[in-house]
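Before any comments, here is the structure.
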Amino acid sequence: MPRSILPGDLNRREFLKTLGLTALAPTTMGFSSSSITKLPIVISTWSSGLKANPVAWNILQNDGWALDAVEAGVRVVEDDPEDMSVGYGGLPDRDGHVTLDACIMDHEGNCGAVAFLQHIRHPISVARRVMEKTPHVMLVGEGALRFALSEGFPKENLLTEKAREAYQRWLRDSHYKPSVRPTHDTIGLLAMDRQGRICGACTTSGLAFKMHGRVGDSPIIGAGLYVDNAIGAATATGHGEEMIRCAGSAMIVEQMRQGRSPQEACENLIKRLYDWRKNRLEGRQVCFIALNRQGQTGAFSLRPGFEYTLSTPEGGHRLINAPSLLDK
Ligand code: SD4
(Lines give C-alpha, C1' and ligand atoms only; values in the text may rest on other atoms or scores of the structure.)
Protein backbone atom coordinates (compact mmCIF):
# COMPACT_ATOMS: atom_id res chain seq x y z
CA MET A 1 0.00 0.00 0.00
CA PRO A 2 1.24 3.53 -0.66
CA ARG A 3 2.45 5.25 2.44
CA SER A 4 1.04 8.66 3.26
CA ILE A 5 3.69 11.24 2.57
CA LEU A 6 4.22 13.96 5.08
CA PRO A 7 4.62 17.39 3.55
CA GLY A 8 8.34 17.86 4.09
CA ASP A 9 10.26 14.96 5.55
CA LEU A 10 12.52 15.45 8.51
CA ASN A 11 15.70 15.43 6.49
CA ARG A 12 14.50 18.28 4.38
CA ARG A 13 13.46 20.29 7.39
CA GLU A 14 16.79 19.65 9.01
CA PHE A 15 18.53 20.80 5.84
CA LEU A 16 16.43 23.94 5.46
CA LYS A 17 17.25 24.82 9.04
CA THR A 18 20.89 24.52 8.12
CA LEU A 19 20.35 26.86 5.20
CA GLY A 20 18.75 29.43 7.48
CA LEU A 21 21.73 29.33 9.80
CA THR A 22 24.10 30.01 6.96
CA ALA A 23 22.37 33.03 5.51
CA LEU A 24 25.09 35.45 6.59
CA ALA A 25 28.11 33.29 5.93
CA PRO A 26 30.79 34.86 3.70
CA THR A 27 30.66 32.37 0.81
CA THR A 28 27.00 32.87 0.01
CA MET A 29 25.32 33.22 -3.36
CA GLY A 30 23.09 36.21 -3.95
CA PHE A 31 19.72 34.45 -4.17
CA SER A 32 16.62 35.95 -2.60
CA SER A 33 17.15 36.47 1.11
CA SER A 34 14.88 33.58 2.10
CA SER A 35 16.94 31.11 0.15
CA ILE A 36 20.54 32.22 0.39
CA THR A 37 22.65 29.11 0.32
CA LYS A 38 26.13 28.45 1.44
CA LEU A 39 28.00 26.64 -1.27
CA PRO A 40 29.17 24.19 -2.39
CA ILE A 41 26.63 21.36 -2.22
CA VAL A 42 27.06 17.77 -3.34
CA ILE A 43 24.34 15.11 -3.33
CA SER A 44 24.72 11.56 -4.61
CA THR A 45 22.92 8.23 -4.60
CA TRP A 46 23.64 5.47 -2.08
CA SER A 47 26.41 5.13 0.47
CA SER A 48 29.05 5.07 -2.24
CA GLY A 49 28.63 8.84 -2.02
CA LEU A 50 30.57 8.67 1.23
CA LYS A 51 33.62 7.90 -0.91
CA ALA A 52 32.68 10.01 -3.92
CA ASN A 53 31.42 13.21 -2.31
CA PRO A 54 34.62 14.06 -0.40
CA VAL A 55 36.62 13.91 -3.63
CA ALA A 56 34.11 16.18 -5.38
CA TRP A 57 34.08 18.38 -2.31
CA ASN A 58 37.83 18.98 -2.32
CA ILE A 59 37.63 20.33 -5.84
CA LEU A 60 34.68 22.57 -5.01
CA GLN A 61 36.26 23.93 -1.86
CA ASN A 62 39.19 25.09 -3.90
CA ASP A 63 36.79 27.07 -6.08
CA GLY A 64 36.78 24.36 -8.72
CA TRP A 65 34.17 23.76 -11.37
CA ALA A 66 31.25 21.48 -10.57
CA LEU A 67 31.91 19.54 -13.78
CA ASP A 68 35.39 18.53 -12.61
CA ALA A 69 33.93 17.69 -9.21
CA VAL A 70 31.16 15.39 -10.45
CA GLU A 71 33.53 13.57 -12.78
CA ALA A 72 36.22 13.09 -10.13
CA GLY A 73 33.64 12.00 -7.55
CA VAL A 74 32.08 9.22 -9.57
CA ARG A 75 35.47 8.02 -10.86
CA VAL A 76 36.22 6.91 -7.31
CA VAL A 77 33.29 4.51 -7.47
CA GLU A 78 34.15 3.38 -11.00
CA ASP A 79 37.56 2.40 -9.62
CA ASP A 80 36.20 0.49 -6.63
CA PRO A 81 36.12 -3.29 -7.18
CA GLU A 82 33.84 -3.69 -4.15
CA ASP A 83 31.09 -1.70 -5.86
CA MET A 84 29.45 -4.30 -8.07
CA SER A 85 27.14 -1.88 -9.89
CA VAL A 86 29.65 0.54 -11.36
CA GLY A 87 32.82 0.41 -13.49
CA TYR A 88 35.61 -2.01 -12.54
CA GLY A 89 34.10 -4.91 -10.58
CA GLY A 90 30.59 -4.33 -11.95
CA LEU A 91 28.47 -7.44 -12.42
CA PRO A 92 28.36 -8.65 -16.03
CA ASP A 93 25.44 -9.22 -18.35
CA ARG A 94 23.99 -12.70 -18.77
CA ASP A 95 26.70 -13.59 -21.29
CA GLY A 96 29.47 -12.65 -18.89
CA HIS A 97 30.40 -9.23 -20.35
CA VAL A 98 30.78 -6.12 -18.21
CA THR A 99 29.03 -3.35 -20.16
CA LEU A 100 28.94 0.19 -18.84
CA ASP A 101 26.67 3.23 -19.23
CA ALA A 102 27.39 6.82 -18.17
CA CYS A 103 26.50 10.43 -18.85
CA ILE A 104 27.55 13.88 -17.75
CA MET A 105 25.94 17.31 -18.10
CA ASP A 106 27.21 20.80 -17.34
CA HIS A 107 25.64 24.11 -16.36
CA GLU A 108 25.37 25.29 -19.97
CA GLY A 109 23.41 22.32 -21.27
CA ASN A 110 26.45 20.58 -22.73
CA CYS A 111 26.22 16.85 -22.29
CA GLY A 112 27.90 13.60 -23.27
CA ALA A 113 27.12 9.92 -22.84
CA VAL A 114 28.37 6.43 -23.56
CA ALA A 115 26.33 3.26 -23.47
CA PHE A 116 27.08 -0.45 -23.80
CA LEU A 117 30.77 0.38 -23.47
CA GLN A 118 33.14 -2.49 -22.64
CA HIS A 119 36.74 -2.68 -21.37
CA ILE A 120 37.03 0.94 -20.23
CA ARG A 121 37.19 1.56 -16.52
CA HIS A 122 36.05 5.18 -16.55
CA PRO A 123 33.00 5.56 -18.80
CA ILE A 124 32.22 8.92 -17.18
CA SER A 125 35.45 10.38 -18.53
CA VAL A 126 34.73 8.97 -21.98
CA ALA A 127 31.27 10.59 -21.75
CA ARG A 128 32.95 13.90 -20.96
CA ARG A 129 35.24 13.52 -23.99
CA VAL A 130 32.19 12.80 -26.16
CA MET A 131 30.74 16.06 -24.86
CA GLU A 132 33.91 18.08 -25.33
CA LYS A 133 35.48 16.58 -28.42
CA THR A 134 32.70 15.39 -30.71
CA PRO A 135 29.66 17.01 -32.29
CA HIS A 136 27.51 14.26 -30.72
CA VAL A 137 25.91 13.54 -27.37
CA MET A 138 26.08 9.74 -27.20
CA LEU A 139 28.33 6.97 -28.50
CA VAL A 140 27.54 3.31 -27.93
CA GLY A 141 29.19 -0.10 -28.05
CA GLU A 142 32.02 -0.67 -30.47
CA GLY A 143 32.02 2.97 -31.62
CA ALA A 144 32.29 4.22 -28.05
CA LEU A 145 35.15 1.79 -27.40
CA ARG A 146 36.98 2.86 -30.54
CA PHE A 147 36.60 6.51 -29.54
CA ALA A 148 37.83 5.80 -26.01
CA LEU A 149 40.93 3.99 -27.30
CA SER A 150 41.65 6.82 -29.73
CA GLU A 151 41.52 9.18 -26.74
CA GLY A 152 44.14 7.11 -24.92
CA PHE A 153 41.94 5.25 -22.43
CA PRO A 154 43.50 1.85 -21.68
CA LYS A 155 41.67 -1.35 -22.61
CA GLU A 156 41.16 -3.49 -19.51
CA ASN A 157 39.45 -6.59 -18.28
CA LEU A 158 36.82 -5.22 -15.88
CA LEU A 159 35.48 -8.58 -14.66
CA THR A 160 36.91 -9.16 -11.19
CA GLU A 161 37.14 -12.60 -9.61
CA LYS A 162 34.34 -11.71 -7.21
CA ALA A 163 32.04 -10.63 -10.05
CA ARG A 164 32.95 -13.74 -12.06
CA GLU A 165 32.02 -15.97 -9.12
CA ALA A 166 28.69 -14.17 -8.71
CA TYR A 167 28.07 -14.68 -12.41
CA GLN A 168 28.85 -18.40 -12.15
CA ARG A 169 26.35 -18.70 -9.28
CA TRP A 170 23.74 -16.83 -11.29
CA LEU A 171 24.32 -19.06 -14.33
CA ARG A 172 23.75 -22.12 -12.18
CA ASP A 173 20.52 -20.85 -10.57
CA SER A 174 18.78 -18.57 -13.04
CA HIS A 175 18.07 -20.56 -16.20
CA TYR A 176 19.45 -17.64 -18.21
CA LYS A 177 16.47 -15.41 -17.38
CA PRO A 178 17.51 -11.75 -17.67
CA SER A 179 17.53 -10.08 -14.30
CA VAL A 180 14.94 -7.44 -13.45
CA ARG A 181 16.34 -6.56 -10.06
CA PRO A 182 18.87 -3.76 -10.00
CA THR A 183 21.92 -4.40 -7.93
CA HIS A 184 22.38 -1.24 -6.01
CA ASP A 185 24.97 1.47 -5.95
CA THR A 186 24.74 3.06 -9.40
CA ILE A 187 26.07 6.49 -8.67
CA GLY A 188 24.33 9.68 -9.73
CA LEU A 189 26.04 12.77 -8.33
CA LEU A 190 24.90 16.41 -8.52
CA ALA A 191 26.95 19.40 -7.43
CA MET A 192 26.64 23.17 -7.26
CA ASP A 193 29.95 24.99 -7.07
CA ARG A 194 30.74 28.30 -5.40
CA GLN A 195 29.89 30.17 -8.57
CA GLY A 196 26.44 28.59 -8.61
CA ARG A 197 27.16 26.27 -11.55
CA ILE A 198 25.18 23.03 -11.34
CA CYS A 199 26.55 19.91 -13.03
CA GLY A 200 25.77 16.19 -12.80
CA ALA A 201 27.17 12.76 -13.59
CA CYS A 202 25.71 9.26 -13.58
CA THR A 203 27.58 5.96 -14.13
CA THR A 204 26.68 2.27 -13.84
CA SER A 205 27.22 -1.28 -15.01
CA GLY A 206 23.42 -1.46 -15.21
CA LEU A 207 21.21 -4.32 -14.14
CA ALA A 208 23.24 -7.37 -13.19
CA PHE A 209 22.84 -10.25 -15.65
CA LYS A 210 20.81 -8.12 -18.09
CA MET A 211 20.45 -9.16 -21.72
CA HIS A 212 23.52 -8.45 -23.80
CA GLY A 213 23.06 -5.03 -25.38
CA ARG A 214 20.58 -3.77 -22.80
CA VAL A 215 20.98 -0.08 -21.94
CA GLY A 216 19.29 1.48 -18.91
CA ASP A 217 18.45 5.03 -17.91
CA SER A 218 21.85 6.01 -16.58
CA PRO A 219 23.42 7.21 -19.87
CA ILE A 220 20.21 8.81 -21.13
CA ILE A 221 20.00 12.55 -20.70
CA GLY A 222 16.55 13.28 -19.31
CA ALA A 223 16.06 9.81 -17.83
CA GLY A 224 19.08 9.05 -15.61
CA LEU A 225 20.28 12.66 -15.33
CA TYR A 226 19.15 16.15 -16.20
CA VAL A 227 20.58 19.57 -15.43
CA ASP A 228 19.13 22.99 -16.14
CA ASN A 229 21.26 25.57 -14.41
CA ALA A 230 18.38 28.05 -14.20
CA ILE A 231 16.30 25.57 -12.24
CA GLY A 232 18.22 22.60 -10.81
CA ALA A 233 19.11 18.99 -11.50
CA ALA A 234 17.97 15.44 -10.86
CA THR A 235 19.45 11.97 -11.18
CA ALA A 236 18.14 8.44 -10.75
CA THR A 237 18.92 4.93 -9.62
CA GLY A 238 16.91 1.74 -9.68
CA HIS A 239 15.13 -0.10 -12.46
CA GLY A 240 16.15 1.94 -15.48
CA GLU A 241 13.30 0.89 -17.74
CA GLU A 242 10.94 2.80 -15.42
CA MET A 243 13.00 5.98 -15.41
CA ILE A 244 13.24 5.90 -19.20
CA ARG A 245 9.48 5.39 -19.49
CA CYS A 246 8.69 8.52 -17.50
CA ALA A 247 11.68 10.63 -18.67
CA GLY A 248 12.23 10.86 -14.92
CA SER A 249 15.06 13.29 -14.34
CA ALA A 250 13.84 15.82 -16.91
CA MET A 251 10.31 15.59 -15.47
CA ILE A 252 11.59 16.37 -12.00
CA VAL A 253 13.44 19.43 -13.27
CA GLU A 254 10.27 20.52 -15.09
CA GLN A 255 8.26 20.19 -11.90
CA MET A 256 10.80 22.33 -10.08
CA ARG A 257 10.41 24.86 -12.90
CA GLN A 258 6.69 24.94 -12.07
CA GLY A 259 7.58 25.91 -8.50
CA ARG A 260 7.78 22.58 -6.69
CA SER A 261 10.60 21.98 -4.25
CA PRO A 262 13.06 19.17 -5.11
CA GLN A 263 11.38 16.96 -2.52
CA GLU A 264 7.89 17.63 -3.86
CA ALA A 265 9.07 17.07 -7.42
CA CYS A 266 10.61 13.67 -6.60
CA GLU A 267 7.52 12.60 -4.64
CA ASN A 268 5.12 13.72 -7.36
CA LEU A 269 6.89 11.92 -10.12
CA ILE A 270 7.04 8.63 -8.24
CA LYS A 271 3.37 8.92 -7.26
CA ARG A 272 2.44 9.54 -10.88
CA LEU A 273 4.49 6.57 -12.04
CA TYR A 274 2.85 4.38 -9.41
CA ASP A 275 -0.67 5.49 -10.37
CA TRP A 276 0.13 4.81 -13.99
CA ARG A 277 1.93 1.49 -13.65
CA LYS A 278 1.12 0.04 -10.25
CA ASN A 279 0.37 -3.45 -11.54
CA ARG A 280 3.69 -3.67 -13.31
CA LEU A 281 6.06 -2.43 -10.66
CA GLU A 282 6.35 -5.66 -8.69
CA GLY A 283 9.91 -6.11 -7.47
CA ARG A 284 11.06 -2.86 -9.07
CA GLN A 285 12.73 0.04 -7.37
CA VAL A 286 12.75 3.65 -8.59
CA CYS A 287 14.74 6.35 -6.79
CA PHE A 288 15.54 9.99 -7.47
CA ILE A 289 17.58 12.76 -5.90
CA ALA A 290 17.25 16.42 -6.86
CA LEU A 291 18.84 19.79 -6.18
CA ASN A 292 17.55 23.26 -7.01
CA ARG A 293 19.27 26.60 -7.51
CA GLN A 294 18.33 27.68 -4.02
CA GLY A 295 20.32 24.80 -2.61
CA GLN A 296 17.32 22.75 -1.51
CA THR A 297 17.60 19.04 -2.02
CA GLY A 298 15.12 16.19 -2.28
CA ALA A 299 15.17 12.39 -2.42
CA PHE A 300 12.41 9.84 -2.75
CA SER A 301 11.98 6.22 -3.76
CA LEU A 302 9.19 3.85 -4.67
CA ARG A 303 10.23 1.31 -2.04
CA PRO A 304 12.15 1.62 1.21
CA GLY A 305 15.88 1.10 1.36
CA PHE A 306 17.14 3.97 -0.73
CA GLU A 307 19.79 6.13 0.85
CA TYR A 308 21.77 9.08 -0.42
CA THR A 309 24.80 11.10 0.62
CA LEU A 310 24.51 14.83 1.18
CA SER A 311 27.51 17.11 1.64
CA THR A 312 27.10 20.69 2.85
CA PRO A 313 29.44 23.17 4.52
CA GLU A 314 27.74 22.71 7.91
CA GLY A 315 26.64 19.11 7.78
CA GLY A 316 29.77 17.48 6.39
CA HIS A 317 29.13 14.27 4.50
CA ARG A 318 25.93 12.59 5.71
CA LEU A 319 24.28 9.36 4.69
CA ILE A 320 20.50 9.84 4.83
CA ASN A 321 17.59 7.42 4.40
CA ALA A 322 15.17 8.62 1.76
CA PRO A 323 11.42 8.39 2.39
CA SER A 324 9.48 6.06 0.10
CA LEU A 325 5.99 5.77 -1.33
CA LEU A 326 5.47 2.11 -0.43
CA ASP A 327 6.38 0.35 2.78
CA LYS A 328 7.90 -2.69 1.13
C1 SD4 B 1 20.02 0.70 -14.75
N2 SD4 B 1 19.48 2.45 -13.22
O3 SD4 B 1 20.88 0.33 -15.54
C4 SD4 B 1 20.46 1.45 -13.50
C5 SD4 B 1 20.67 0.46 -12.41
C6 SD4 B 1 20.81 1.06 -11.03
O7 SD4 B 1 21.46 0.85 -8.85
O8 SD4 B 1 20.52 2.19 -10.79
N9 SD4 B 1 21.29 0.32 -10.07
O10 SD4 B 1 18.82 0.47 -14.89
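For this chain, numbers begin at 1 and follow the sequence in order. Remember, predicted model here, so these are calculated numbers, not experimental data. Order of listing sets the numbers, starting from 1, for every ligand and every atom in it.
- The residue from Gly248, Gly238, Gly216, Ala115 that puts a heavy atom closest to atom 5 (C) of ligand 1 is Gly238.
- Proximity of Arg214 to ligand 1, defined as any heavy-atom pair under 4.0 Å, is confined to the side chain (atoms from C-beta onward).
- Those atoms of ligand 1 that come under 4.0 Å of a heavy atom in Ser218, given as number and element, are 2 (N), 4 (C).
- For the residue pair Arg303/Gln285, the side-chain donor-acceptor check at 3.5 Å is not satisfied.
- With ligand atoms numbered from 1 in the order given, ligand 1 contributes 3 (O) to contacts under 4.0 Å with heavy atoms of Leu207.
- When non-hydrogen atoms are compared, ligand 1 lies under 4.0 Å from the backbone of Asp185 (N, CA, C, O) but not from its side chain.
- Remark: Glu78 does not engage Arg75 in a salt bridge, criterion side-chain N to carboxylate O under 4.0 Å.
- Here's the thing with Thr237: one of its N/O atoms is less than 3.5 angstrom from an N/O atom of ligand 1.
- Side-chain contact of Ser85 with Asp185: a donor-acceptor pair under 3.5 Å is absent, judged by distance alone.
- When ring centroids are compared, His122 and Tyr88 stay outside the 6.0 Å threshold.
- Using a non-hydrogen distance threshold of 4.0 Å, Ser85 does not register as a contact of ligand 1.
- The contact set between ligand 1 and Gly206, taken as ligand atoms under 4.0 Å from a residue heavy atom, comprises 3 (O).
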**Message:** Using salt bridge (charged side-chain N to carboxylate O under 4.0 Å, His left out), reason through Lys51 and Glu82 one step at a time and then give a plain yes or no.
**Reply:** CA-CA 12 Å; Lys51 290 180 185 163; Glu82 293 307 312; over 6 Å; no

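- No cation-pi contact links Arg194 to Trp57, judged by a cut-off of 6.0 Å to the six-membered ring centre and 45° from its axis.
- Scanning Val286, Ile220, Thr186, Asp217 for the heavy atom closest to atom 2 (N) of ligand 1 points to Asp217.
- Using a 4.0 Å cut-off between charged nitrogen and carboxylate oxygen, Glu241 and Arg214 count as a salt-bridge pair.
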